[in-house]
Amino acid sequence: MQTLRSILGALAIVSVIFGVPVAATLLAGQFGLSFRLVGWLTLLSMIVLTFQARSIIGRLLVGERKFSPALVRRRNRLR
């Protein structure tokens with residue numbers, strides 16, 4: 001049940017991330033702005049929002065790390 005909740009939470013975040021720029025694009029199209037300019041701005045805003053939210057989505061889907069990466073990757077030193 002926890003896995004399904006995590007997947008649904010990540011899906012909700014992704015839909016908001018992609019829904020807001022698309023809604024802004026539709027609104028800008030109503031004001032007569034250039035469709036190419038609005039399209040590029042939408043793509044750029046989606047990339048920026050996704051990059052900022054990737055840690056949240058990763059935590060929802062994968063979970064918290066118990067150890068830092070430095071502790072997991074120890075090398076055995078041969079003497």
Side-chain angles (χ1 to χ4, degrees):
M1 188 65 181
Q2 184 66 26
T3 304
L4 182 61
R5 186 174 295 157
S6 297
I7 292 172
L8 289 176
L11 184 62
I13 290 173
V14 169
S15 65
V16 168
I17 287 172
F18 290 137
V20 170
V22 169
T25 301
L26 293 174
L27 185 64
Q30 295 297 321
F31 291 117
L33 295 176
S34 170
F35 67 92
R36 288 188 181 185
L37 174 68
V38 171
W40 281 108
L41 289 175
T42 302
L43 182 63
L44 181 66
S45 64
M46 289 171 127
I47 291 170
V48 169
L49 289 172
T50 304
F51 183 76
Q52 290 178 351
R54 67 191 163 115
S55 64
I56 296 170
I57 295 170
R59 263 185 274 142
L60 281 172
L61 293 177
V62 179
E64 295 287 332
R65 288 187 177 177
K66 300 206 188 272
F67 301 107
S68 67
L71 294 176
V72 174
R73 301 172 97 192
R74 283 189 182 168
R75 282 199 252 169
N76 293 330
R77 292 185 181 185
L78 298 174
R79 294 182 185 193

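Below, each value reflects all heavy atoms present in this structure, side chains not excepted, and no hydrogens, waters or symmetry copies. What you see is a predicted model, and the numbers here were worked out from it, not measured in a lab.
- Remark: Leu43 pairs with Trp40, Ile47 by the side-chain contact (heavy atoms from CB on, under 4.5 Å) rule, at least two apart or across chains.
- Partners of Leu33 by side-chain contact (heavy atoms from CB on, under 4.5 Å), not counting sequence neighbours, listed by chain and number: Ala28, Val38.
- Residues meeting the side-chain contact (heavy atoms from CB on, under 4.5 Å) test with Val14, sequence neighbours left out: Phe18, Ile57.
- Here Phe51 is tied to no hydrophobic group at all, with no ILVMFWY side chain closer than 4.5 Å.
- Under a 4.5 Å side-chain heavy-atom criterion applied to ILVMFWY residues, the cluster that includes Leu11 comprises that residue alone.
- Between atom CG of residue Leu44 and atom CG of residue Leu49 there is a gap of 9.5 Å, rounded to the nearest 0.5 Å.
- Remark: Ser45 engages Pro21 in a side-chain contact (heavy atoms from CB on, under 4.5 Å) (not counting sequence neighbours).
- Tracing side-chain contacts under 4.5 Å through hydrophobic residues (I, L, V, M, F, W, Y), one never reaches Leu41 starting from Met46; they form parts of separate clusters.
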